[in-house]
Q: 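Supplied in structure tokens, the structure appears directly below.
Just follow the structure's listing: the first ligand is 1, and inside any ligand the first atom is 1. Since the model is a prediction, treat every value here as computed from it, not as a measurement.
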Amino acid sequence: MTAIDPIAAWHTEHVYFNQLLSLLRKQLDVFHQGDRPNYELMQDIVGYLRDYSDQYHHPREDVAFERLARRCPDMELVLARLHQEHRVIAHTGEVLLRMIEAILEDAIVPREQLESALATYLVYYGNHLAKEEEDVLPLAAKELGPLDWQAVKDAAPSGRDPVFGERSSERYRELRRQIALES
Ligand SMILES: [Fe+2]
Ligand SMILES: [Fe+2]
């Protein structure tokens, strides 16, 4: 999220995350069809979401939520839930990532275990993004000012997006190629 047009930047990140979730969903479809999904790609997606979203996007949102809750007490519960969901997303993402890594190291992971972890992550994350888009962004556009946005940015100042950013990292080359194929 930048200070230039913070709402647009915030929304853009949600569009990116939804793109990644839809790529991940395709891998779940492959799995359902009985074929081998692209585990390397899955690892990149969940790894990126952990590294970027959990470390930068969510801490920034948490500051925005706090400031919004102070100004709109009737939204306090909704915002507290979304804040808690960040912890759940981080935890389920970590579990899923470990499962994928185990598979890549040739460990046996029961099919149902991977399937349910993946499906749960997709639904939970997708709902979380939808809720923010619907309830939080319009409110933030109305209620938050330049000082708030500065505090939001300062919550996680050095966030460089290694996939969608200008100076993207070599590590995610294949993921970027897959995203380009989709659009
Ligand atoms: Fe969030
Ligand atoms: Fe978000």
Q: Would you say the side chains of E182 and Q178 form a donor-acceptor pair under 3.5 Å?
A: no

Q: Is there a donor-acceptor pair closer than 3.5 Å between any side-chain N or O of D51 and the backbone N or O of Y48?
A: no

Q: Does a donor on one side chain sit under 3.5 Å from an acceptor on the other, for Y52 and E13?
A: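 The criterion, which ignores hydrogens and geometry beyond distance, is satisfied for E13 and Y52.
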
Q: Passes side-chain hydrogen bond (donor to acceptor under 3.5 Å, both in side chains), E132 versus W10? Steps please.
A: CA-CA 10 Å; E132 287 178 344; W10 194 350; 4.6 Å; no

Q: Mind checking the CG-CG spacing from L96 to L24? Nearest 0.5 Å is all I need.
A: 7.0 Å

Q: ring-ring contact (aromatic ring centres under 6.0 Å, His included): which pairs involve residues 66-86, sequence neighbours left out?
A: H58-H86, F65-H86, H86-H128

Q: Near the Fe ion (ligand 2), which protein N/O/S atoms fall under 2.8 Å?
A: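 You should have found H14 NE2, H57 NE2, E61 OE2, E132 OE1.
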
